[in-house]
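Here the structure is laid out as structure tokens; the discussion comes afterwards.
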Amino acid sequence: MIGRRSLLTAMMAAATAAALLGGLSSARATDQVSLTIGKLLELTGPLSETGPSQDKAVSIAIDYANQSAAAAGVPLKITAVSADAQGDPQAALSAARALVAKGASAIVGPSITPESIAVANGLTIQKKVTLWPTGTAMRLRTIKDEGTIFRTVPPDSLQAYALAAALTDKMGDPKDKLLSIAYRNEPYGEGLAKGLVAAWTAKGGKVQGPVVFDPGQATFDSEAQQVVDNNPDAYVVIDYPDTFAKFGASLVRTGKYDASKLVVPDALAFSTVPSNIPPQALEGARGTRGGSDMSTEAYKLFDQLWTKAGGVEHFALDANSFDSTTLVVLAAAAAHSADAGAIAAKIHDVTRSGAPKFGPTTLGEALKAAWSGEPIDYVGVAGAFEFAANGDPTISRFDIYEYKGGKLDVIKQIDASK
Amino acid sequence: MTRRLEAASGASVGAPERRFESIPAAARLAAVLIAAAILMSFARGPIAVGQTTLNGLVSAGYLALGAVGLTLVFGTLRIINFAHGDLLTLGAYLTFGISALGLPFWPAAAVAVALTAVIAYALDFIIWEPMRRARTSTLQLFLVAIGLAIVIRYTIQFFAGSQVRGVGQDVLTSVNLGPFHLGALQALVLVVGVVAIAAVGLALAFTRLGKQIRALSDNMALAEVCGIDTRRAVRLIWLIAGGLAALAGVLYAAAVGSVNPNFGFFILLGLFTAAVLGGIGSAYGALAGGIVIGLAQEWSTLFFNTRWKPVVGFAILIVMLLVMPRGIFGGGRARS
């Protein structure tokens, strides 16, 4: 009896304390919002080439946002936690759990679509944590994410057009031209190849393949042979860096391969070709990647920040990760809260079309306006974002580049929606 | 007991017979494969068939070299060695480590092969030997092997990182044989694979130690009673298994050009398939199994989309085991 009474007293005391603490913390929340952003990076695994640049993009976005918030007098303090997705859905999910456990209210990354699906289904949808993947595969469009997945990267339905445009740019009218397609057996390749076949055949082109290869094979020679058979006018290989190191070597060994006929998508867009990929496999090849208008003030500022920070070179989609991070910060400012669900609810308010436009160069004012509760329209480094219901952006700018001397050289930019 | 003795004596009497039996089996297999190649040439042209055959033989080289150790270890010690694939990885990564110390790649590879052989032996001393003495069941041994596989893999990752590692060998130079081409390192894989397996096979058939190992695989207790130094034979088995696994790993890494610490594990199922298909316990069986799987997978690309290539190996395994339950070189031995 005594035990029960003392238990009751203890519970009441605890409840009072909790109420007091709760009151205190909510009072403090209006004073200072401490936001933690999770970086779910590809530091190891098949896309490990992308990890360092994404890490850097998010970090400079956070530093810049902290400076802007302090200068504008917005009581917002942002920190980052990071984890390695390892290119593996299970590992990505446990890494994401670790990020949320460390207080992350939003997660930027991962880069591989099966990872994003595992993280969304296993964690972020339930917890209302917004997920900002850089995976471009079409399959991400169809999950029931309850408004938690946002992509600042153009989807592969558009990249397929960009690839077709890059091909046309190189070899003229597609009519009766034979295009040989190969892809690594993943949603990324499958979706992109499907879109490309449709885009190419619609213009009267012919398609060979697609040759689909499994990443765990001991040899890729038979697959490579099929790609160069019948001397096609061009090849598109949709692959990740780790398999392309092997597949590229197999292509060169066929003796019939001409790298200048190759066009690759964003996963094979390297500022400098990595040493494990035979240079002969990519020299003279062209490719596409989500691009940013480099003439804008926003891009110049981003590039300045990037150079000032030192470290790795630009990689595909780094500007997009910068924008993702900035959007999370703006939404947190609008919500006056670091609560994951509150941030998710405010994303559309900071990308509202028709509202006053702000960008990275005016981030301080943007934060102030968002904090005051006004809707704003953030136009990022990669362009304006109006998220469709499935969380995809409406941006559609792509770089077309060419490899010269082992370096990537952007030769033009296109709008893939046209 | 009498049944076991009978079985054992049957097997030991059968040993020379089996050697004669295995020649027609090899000839039969060769005839079937050649006939298949000729038939396919009519459908897809001799050049395409020839090229995929070469590619298939290269896969067969890796598979067979890796499978020899697996098949010997299971045949004699009844260990389903799930850690075998990671011995391939270990061989490759030891090579990287030693060559980082300044040794050129191929001498480093030789040291790594020797080192892996010793490690495989040491693992027997630390883990398998005490388990054998405790009469651990095959299932328990299997679980221990899975655990060991993970320990080896993550130890490698701990020291070398999990990123993809370029090997730095020239993977582009190819040897042209008329209309066919083959990477120079791939050709090396083929030659070394066949030589190594022939050497092991001949040693098993004709040397005293080889005969002892075969006696061991028939009945360990009986072999011991007969005065065979089983420990010495077991030691030799692990040295061969570890060394060949490392050799397979190094050759694979060199010919493919880049690897990560998971590659041995990915290959492992293929190795099991080759070992089982060839007939457990037979070195030539591992070669035959490797050839059948390698050729079937590459030939399948002539008729089906290449995405089905990994499936083909296992489909073949199922079908062939239905027809030949003991594998190609399984002979008269029944396994409980």
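Here is the naming used below: chain letters follow the sequence lines, and residue numbers restart at 1 for every chain.
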* Asked: How many angstroms lie between atom CG of A:Asp214 and atom CH2 of B:Trp308, to the nearest 0.5 angstrom?
  -> 11.5 Å
* **B:Val256 and A:Phe220: CA distance, side-chain angles, deciding distance, side chain to side chain contact (heavy atoms under 4.5 Å, CB included) verdict** => CA-CA 9 Å; B:Val256 167; A:Phe220 295 92; 5.7 Å; no
* Structure fact -> A:Pro210 and B:Asn305 have their tightest heavy-atom pair at O-ND2, 3.4 Å
* **Interchain contact, A:Asn185 with chain B, by part (heavy-atom threshold 4.5 Å)** => side chain
* Structure fact -> Cut-off 4.5 Å, heavy atoms of chain B, and the answer for A:Gln280 is side chain
* Winner by heavy-atom pair count (cut-off under 4.5 Å) against chain B, out of A:Ile277, A:Asp229, A:Val211, A:Leu43 -> A:Val211
* Structure fact -> The complete set of salt bridge (Lys or Arg N to Asp or Glu O under 4.0 Å) pairs with one or both residues in residues 297-307 of chain B, sequence neighbours excluded, reads B:Glu298-B:Lys309
* Structure fact -> Exactly one of B:Thr306, B:Thr52, B:Asn55 clears side chain to side chain donor-acceptor pair (under 3.5 Å) with A:Ser222, and that residue is B:Asn55
* Asked: What part of A:Gln217 lies closer than 4.5 angstrom to a heavy atom of chain B: side chain, backbone, both or neither?
  -> both
* Heavy-atom distance under 4.5 Å to chain A: side chain of B:Ile267, backbone, both or neither? -> neither
* Taking every non-hydrogen atom, the tightest pair across B:Gly166 and A:Asn276 -> CA-CB, 3.7 Å
* Could you walk me through whether B:Gln186 and A:Asp221 pass the side-chain hydrogen bond (donor to acceptor under 3.5 Å, both in side chains) test, one step at a time? => CA-CA 11 Å; B:Gln186 295 178 317; A:Asp221 296 275; 2.8 Å; yes
* Under 4.5 Å from a heavy atom of chain A, the part of B:Ala255 involved -> backbone
* Structure fact -> Smallest heavy-atom separation, B:Leu302 atom then A:Gln226 atom, equals N-NE2, 4.5 Å
* **Considering all heavy atoms, the nearest A:Ala249-B:Leu172 contact** => CA-CD2, 3.8 Å
* Do any of residues 252-275 of chain A have a heavy atom less than 4.5 Å from a heavy atom of chain B, and if so, which, in residue order? -> A:Val252, A:Arg253, A:Thr254
* Does atom OH of B:Tyr154 have more than 12 heavy-atom neighbours from other groups under 6.0 Å away? -> no
* **B:Phe303 atom CZ: more than 12 heavy-atom contacts under 6.0 Å** => yes
